[in-house]
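Comments concern the structure below.
In what follows, chains are A, B, ... by sequence order, proteins preceding strands, each numbered from 1.
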Number of protein chains: 2
Amino acid sequence: MSFLSHLSSIISVSESLETELNSITKQISVSKNQSIINFGNRCNDIFFVEKGLLRGYYLEEGKEITNWFAQEGEFGTSFYSFVAMKPSFETIQSLEDCILTQLPYSSLQNLYVKFPETERLGRIITETYYIKLEERLLSIQFKTAKERYLNFVLSKPSLLQRTSLGQIASYLGITQETLSRIRAEI
Amino acid sequence: MSFLSHLSSIISVSESLETELNSITKQISVSKNQSIINFGNRCNDIFFVEKGLLRGYYLEEGKEITNWFAQEGEFGTSFYSFVAMKPSFETIQSLEDCILTQLPYSSLQNLYVKFPETERLGRIITETYYIKLEERLLSIQFKTAKERYLNFVLSKPSLLQRTSLGQIASYLGITQETLSRIRAEI
DNA sequence: TTCCTTTTTTGATAATTGTCAAAAAAATAC
DNA sequence: GTATTTTTTTGACAATTATCAAAAAAGGAA
């Protein structure tokens, strides 16, 4: 689903808003395995994935810890950095050749002022992501590694093919070795 | 900090908005150990804690798992239930005698329409809570039980006195016995 | 294809945390 | 103040997951 139709599914997008959105966003192509944002830098943009796959990861004692994946139809950004305009703790990387809709922070802030109905968009999108995050927290807190993996397989089956085991393992909060063993015994 | 001054610290609250807020919210007193929302029911309200302490908890195999605490100046609600208007998975309980500002879902939705600038409030508050949740996720995923407890002591010292060990332990994703041992060795 | 690199699997062992049971301590009620 | 209930601590043991090391498998490049 494209950026505009995604937004249209949440609020009605007037013609003038559509024009404005087209003028402030940019479609960018990113080839596989590029770092779009590096940790330590401010993440000035939010990206909507039209095609491809992004992931955000932290470095924790030299190891890459996947914090999120963003597939087609999802947003990817270093949320803390983007919202607080502080340096990012995470690196955003393309796991495939991507087509992204890029929306800069400042344009979004102006958009909120110029088209107040987009505040609703921002609120609803954030609410949706909050609920997903809460689900994930509970899953990490109270499910076994195996249950979490099975849930991942059910909820994001396509990512199994599109990512590496290590990336999934760290997303689920387990080591790659443990995940490999879990897969062996299923 | 009261509900109104909390909101005023985020956006400028006009006189008419203030009047509206006063008319749609209700100050309620709740004595200690009351269940304000029971799991299985829809959570129709968001509560701002003027005084006292709330917690939200899940029942997981018969055990109470604390999902959040809300102290003075913070909001408490069953977020998923309130936003999605679905039955709540969690129970909200007063841990002390409380004075709460109660804002019903329907009034909030009307407020968003009547005072569009409040969409911004909703967005910013949700963003803030999202960032806190993300921090907590990372802490649970990558910190040891001891590190999480020490971080809790630093970030919410007053809750040590106001809650039980079991409530804190489940909030941190560990058993009460383990937390007791962690405390013994510090 | 063949080599080289990266990813995944497997093995042995250790560390962390959980479970179940009971005792000790603290809080509350009468 | 004493009894009762609740909370916290301690002990013994088990389960889960991590760590370190190495082998096997898979994927890419020339």
Problem - NZ (A:K63) with more than 12 external heavy atoms under 6.0 Å - result: no
Exercise for the section: Flag yes if more than 12 heavy atoms outside B:E61 fall under 6.0 Å of its CD atom; otherwise flag no. Expected result: no
Fill in the blank from the handout: Per nearest nucleotide of DNA chain D, the residue lying toward the 5' end, A:E177 or A:R148, is A:R148
Exercise for the section: For B:F152, look at atom CZ and say whether over 12 heavy atoms of other residues, nucleotides or ligands are found less than 6.0 Å away. Expected result: yes
Handout entry: Atom pair distance, as rounded to whole Å: OH in B:Y149 and P in C:dT16
Key = 19 Å
Practice task
Grab the CD1-C1' distance between A:I174 and C:dT17 for me, whole Å please.
Solution key: 16 Å
Tabulate below the donor-acceptor pairs under 3.5 Å that side-chain atoms of residues 79-88 of chain A make, not counting sequence neighbours, or state none.
unit_1: A:S81; atom_1: OG; unit_2: A:C43; atom_2: N; d: 2.8
unit_1: A:S81; atom_1: OG; unit_2: A:K86; atom_2: O; d: 2.5
unit_1: A:S88; atom_1: OG; unit_2: A:S78; atom_2: OG; d: 2.9
unit_1: A:S88; atom_1: OG; unit_2: A:E90; atom_2: N; d: 2.9
unit_1: A:S88; atom_1: OG; unit_2: A:E90; atom_2: O; d: 2.7

Problem - Audit row: A:R55, A:E64, salt bridge (Lys or Arg N to Asp or Glu O under 4.0 Å) steps and yes/no - result: CA-CA 11 Å; A:R55 83 167 172 134; A:E64 295 183 359; 2.3 Å; yes
Exercise for the section: Look only at the side chain of A:T101 and the backbone of A:F3, and say whether a donor-acceptor pair between them is shorter than 3.5 Å. Expected result: no
Completion exercise
Between B:T178 and A:T178, whichever has its closest DNA chain C nucleotide further toward 5' is A:T178
Problem - Nearest-angstrom distance from the residue atom CD of B:E61 to P of C:dC20 - result: 10 Å
Practice task
Would you mind reading off the bend of the helix from C:dT1-D:dA30 to C:dC30-D:dG1 from its two end axes, five pairs each, to 10 degrees?
Solution key: 50°
Handout entry: Plane angle bin for A:H6 and A:F48 - parallel if under 30°, tilted between 30 and 60°, otherwise perpendicular
Key = tilted
Practice task
Name the nucleic acid region contacted by A:S164, choosing base, sugar-phosphate or nothing; use a 4.0 angstrom heavy-atom cut-off, strictly under.
Solution key: sugar-phosphate
Fill in the blank from the handout: Span of DNA chain D engaged by chain B, first through last nucleotide within the 4.0 Å heavy-atom cut-off, is D:dT8 to D:dA12
Practice task
Quickly work out the A:E64 CD to C:dT6 P distance and round it to whole Å.
Solution key: 13 Å
Handout entry: Rounded interatomic separation in angstrom, taking CD from A:Q176 and P from C:dT7
Key = 8 Å
Fill in the blank from the handout: B:I182 atom CD1 is separated from C:dA15 atom C1', nearest whole Å, by 14 Å
Exercise for the section: Check every strand shown and say whether B:R183 touches a base, only sugar-phosphate, or nothing at a heavy-atom separation below 4.0 Å. Expected result: sugar-phosphate
Handout entry: Residue pair B:I37 / B:F47, side-chain heavy-atom distance below 4.5 Å
Key = yes
Handout entry: Length of the line joining B:E185:CD and C:dA15:C1', which is rounded to integer Å
Key = 13 Å
Practice task
Side-chain contact test, heavy atoms from C-beta onward, threshold under 4.5 Å: evaluate it for A:L138 versus B:F89 and give yes or no.
Solution key: no
Practice task
Rounded to the nearest angstrom, tell me the gap between atom CG in B:L179 and atom P in C:dT16.
Solution key: 16 Å
